[in-house]
There are 2 protein chains.
Amino acid sequence: MAKGVNLKELSHRLNLSQTTVSRALNGYPEVSAETRRRVAEMADQLGYAPNSQARRLATGRSMAIGHVIPRSIHEMMNPIFLEFIAGAGETYSKHGYDMMLSVVDDAYEEDAYRQIASRKKADGVIVHGPANDERRHLLLKKLNLPFVVHGRIPGAETETSWIDMNNRRAFERATNLLLDLGHTRIALLNGLEHMDFAHRRRRGFEDALAARGLSPDPALLRSADMTEPYGCENALAMLGGDNPPTAFLVSSMISAIGVARGIGQMGLKTGKDVSIITHDDALSFLPNSGEVPIFTCTRSSVRYAGQKAAELLLAMITDPASEPASLHMDAELIIGQSTGPAPARESQNIAAEN
Amino acid sequence: MAKGVNLKELSHRLNLSQTTVSRALNGYPEVSAETRRRVAEMADQLGYAPNSQARRLATGRSMAIGHVIPRSIHEMMNPIFLEFIAGAGETYSKHGYDMMLSVVDDAYEEDAYRQIASRKKADGVIVHGPANDERRHLLLKKLNLPFVVHGRIPGAETETSWIDMNNRRAFERATNLLLDLGHTRIALLNGLEHMDFAHRRRRGFEDALAARGLSPDPALLRSADMTEPYGCENALAMLGGDNPPTAFLVSSMISAIGVARGIGQMGLKTGKDVSIITHDDALSFLPNSGEVPIFTCTRSSVRYAGQKAAELLLAMITDPASEPASLHMDAELIIGQSTGPAPARESQNIAAEN
DNA sequence: GGACGCTTTCAAAGCGTTTTGGAAAAATAT
DNA sequence: ATATTTTTCCAAAACGCTTTGAAAGCGTCC
């Protein structure tokens with residue numbers, strides 16, 4: 001309704017001191033029920049809302065969480081990231097925090113963190129997409145800026161707070177499923193393997209193979225940005241080769257869709273001639289959740305991860321003395337239409353079947 | 001380096017007043033070159049960075065742009081949105097602005113705008129995904145909060161600042177291309193038509209048909225959230241019907257991929273048996289840009305739109321007296337592999353061919 | 001009837017900037 | 001040598017809130 005009413009004006013109208021009004025509004029105990037009521041009423045009537053800059057200056061807390069994202073679009077700056085953000089944003093709103101996004105040139109990423117710390121732009125940050133040679137956590141520790149990692153930083157698992165899915169285990173289980181179905185020539189279309197999550201997925205894949213005495217064929221391993229054409233092109237190339245795979249393990253639904261397209265173009269049938277298992281981040285615009293999902297998948301809600309990461313961070317900010325905490329989530333393995341038994345070709349030597 | 005140096009401390013070390021130091025750092029003219037140099041040097045050495053909250057309070061400008069996004073995921077909260085955000089974010093960083101994202105329950109959307117205004121959380125906002133019965137602009141005008149619309153608000157085109165692509169014309173041209181190729185049974189898989197952009201696309205489609213004396217078959221019109229299954233399911237349903245379409249006009253690459261999948265499942269070939277034209281927002285993880293793109297498309301970079309919208313808004317904030325401005329962009333019509341002449345079936349009456 | 005405790009209120013001092021209104025110093029003009 | 005302008009700097013007042021430290025009011029206990 002009314003505009004520009006500040007605390008001074010409001011307290012003046014009430015014949016009260018700013019102190020009392022402030023206390024009344026912020027729920028401090030040392031103010032009588034009657035005054036509190038009066039204050040609330042008048043505040044409502046005049047449409048008073050505290051200026052956030054002033055409050056932030058006075059309290060020394062910025063009530064904002066920073067997310068810095070490098071401008072170049074790699075693995076991270078993709079729909080998965082958005083879904084995570086959405087989840088985190090919900091939590092922030094619920095707790096009265098703001099979300100601050102900084103899109104910066106790659107070269108200025110470190111600078112962005114420094115500024116957040118020195119100019120007090122945020123009370124904490126979320127670190128996205130940790131790489132194998134991650135260093136951001138060192139900087140953040142130095143800056144004394146609370147943070148939570150989405151993913152894990154190799155070698156720093158115990159000294160940082162993070163939330164991650166069990167990537168290794170998910171891909172191990174997926175690979176086992178394919179092996180159980182009789183597939184032995186399995187292609188892995190992974191994300192960029194300098195990223196921690198992709199690295200772990202690779203390990204899960206290899207571990208599962210190794211457990212059955214198999215080792216991956218380098219000709220069937222790929223690592224790249226998870227686009228749709230990436231899936232299609234590699235499916236075409238591999239299926240057109242002399243010793244084609246009978247199954248694909250894919251790191252992202254988007255690429256899996258590409259693989260399916262490639263399979264179709266070769267005149268083959270997904271789930272019959274060639275199997276696909278993909279990881280499914282439960283993105284809202286790529287639902288894979290029918291009664292029988294299109295893709296057999298390992299599924300883990302990245303939106304949920306966002307919510308939890310935010311909660312973790314907020315708790316850290318509230319209690320700075322708290323120990324690093326972490327949340328390790330297991331992905332569900334969900335059977336869909338894209339997998340089936342390995343086609344019986346020139347009987348490959350699958351001896352160790354039980 | 002050093003931490004917690006504030007202006008007082010810094011000026012003390014320099015034997016200068018806060019005024020002078022502030023002026024030197026902010027590039028005001030009334031300070032000698034020599035002092036400016038000294039100040040800069042010491043500031044650098046002590047790692048001084050002005051506290052943003054304090055600065056904001058003093059200047060009365062929050063140096064932030066707000067984006068409020070309702071929590072429910074409709075047309076908007078999708079990768080297209082992210083790409084727009086990325087574009088806008090680049091511009092903000094370049095100009096020293098922060099981006100503030102608010103993810104709120106749908107019921108609190110209006111509240112979010114009110115808070116941004118009353119608590120001075122942002123100097124302006126971007127309005128995303130205007131609907132046919134849009135009302136947010138009225139609220140924002142009342143709140144006196146500068147804003148730029150991504151898209152157009154029907155009926156308020158001249159009194160608001162906006163940036164949009166020419167949706168109607170893009171779909172008109174796309175439809176004409178199909179008509180020129182001999183297609184007359186064209187399906188339209190549109191976005192949610194209570195959104196302005198979808199509504200315009202529909203009009204472009206209908207106008208093109210009407211110009212050739214044709215009218216759309218209601219059985220071939222769909223409007224929904226632009227997911228992948230949406231494309232596939234409708235392709236299957238329509239192609240399985242008695243009078244199937246020979247071409248699909250689709251509002252999003254994601255759904256177009258679904259359509260292609262459906263076509264494949266029917267044992268048909270995209271670009272030969274059935275044509276597809278889609279709108280392509282130039283999303284980074286869905287490249288459609290090979291020498292001959294997979295999909296014939298109308299293309300318009302939504303990231304660029306984000307940059308421009310941000311520039312527009314920043315200009316409005318700098319000069320509040322400025323008139324509403326707008327940017328109307330035409331989409332490119334790009335020929336890819338997904339279109340071809342209409343298959344000669346039981347010779348439909350295509351008389352008006354020239 | 002004074003000391004004590006409890007509740008309720010307040011004046012004033014921050015928080016860390018920018019900005020206003022001068023003033024001292026230096027340069028230029030008369 | 002004095003008057004006038006220009007350059008360079010400063011002390012203090014915002015900005016709008018929270019918080020500290022103190023005091024007023026009031027009932028109660030010896």
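Letters go in sequence order (proteins before strands), and every chain restarts at 1.
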Enquirer: Which atoms form the tightest heavy-atom contact between Gly27(B) and Arg36(B), and what is the distance?
Expert: CA-NH1, 3.5 Å
Enquirer: Classify every nucleotide of nucleotides 9-18 of chain C by which part a protein heavy atom approaches to under 4.0 Å, writing B for the base, S for the sugar-phosphate alone and - for neither, in 5'-to-3' order.
Expert: BBBB-BBBBB
Enquirer: Suppose we call two aromatic rings close when their centres sit under 6.0 Å apart. Are Phe84(B) and His150(B) close by that rule?
Expert: yes
Enquirer: Report all side-chain donor-acceptor pairs from residues 97-104 of chain A shorter than 3.5 Å, counting only partners two or more places apart or in another chain.
Expert:
unit_1, atom_1, unit_2, atom_2, d
Asp98(A), OD1, Lys121(B), NZ, 3.1
Asp98(A), OD2, Arg56(A), NH2, 2.6
Asp98(A), OD2, Lys121(B), NZ, 3.4

Enquirer: Taking all atoms of both residues into account, what is the closest heavy-atom pair of Asp196(A) and Pro154(A), and its distance?
Expert: OD1-CG, 3.5 Å
Enquirer: Taking CZ from Arg36(B) and P from dT7(D), how many angstroms apart are they, rounded to a whole number?
Expert: 14 Å
Enquirer: Would you say the side-chain atoms of Arg38(B) pair up with the backbone N or O of Leu14(B), donor to acceptor, closer than 3.5 Å?
Expert: yes
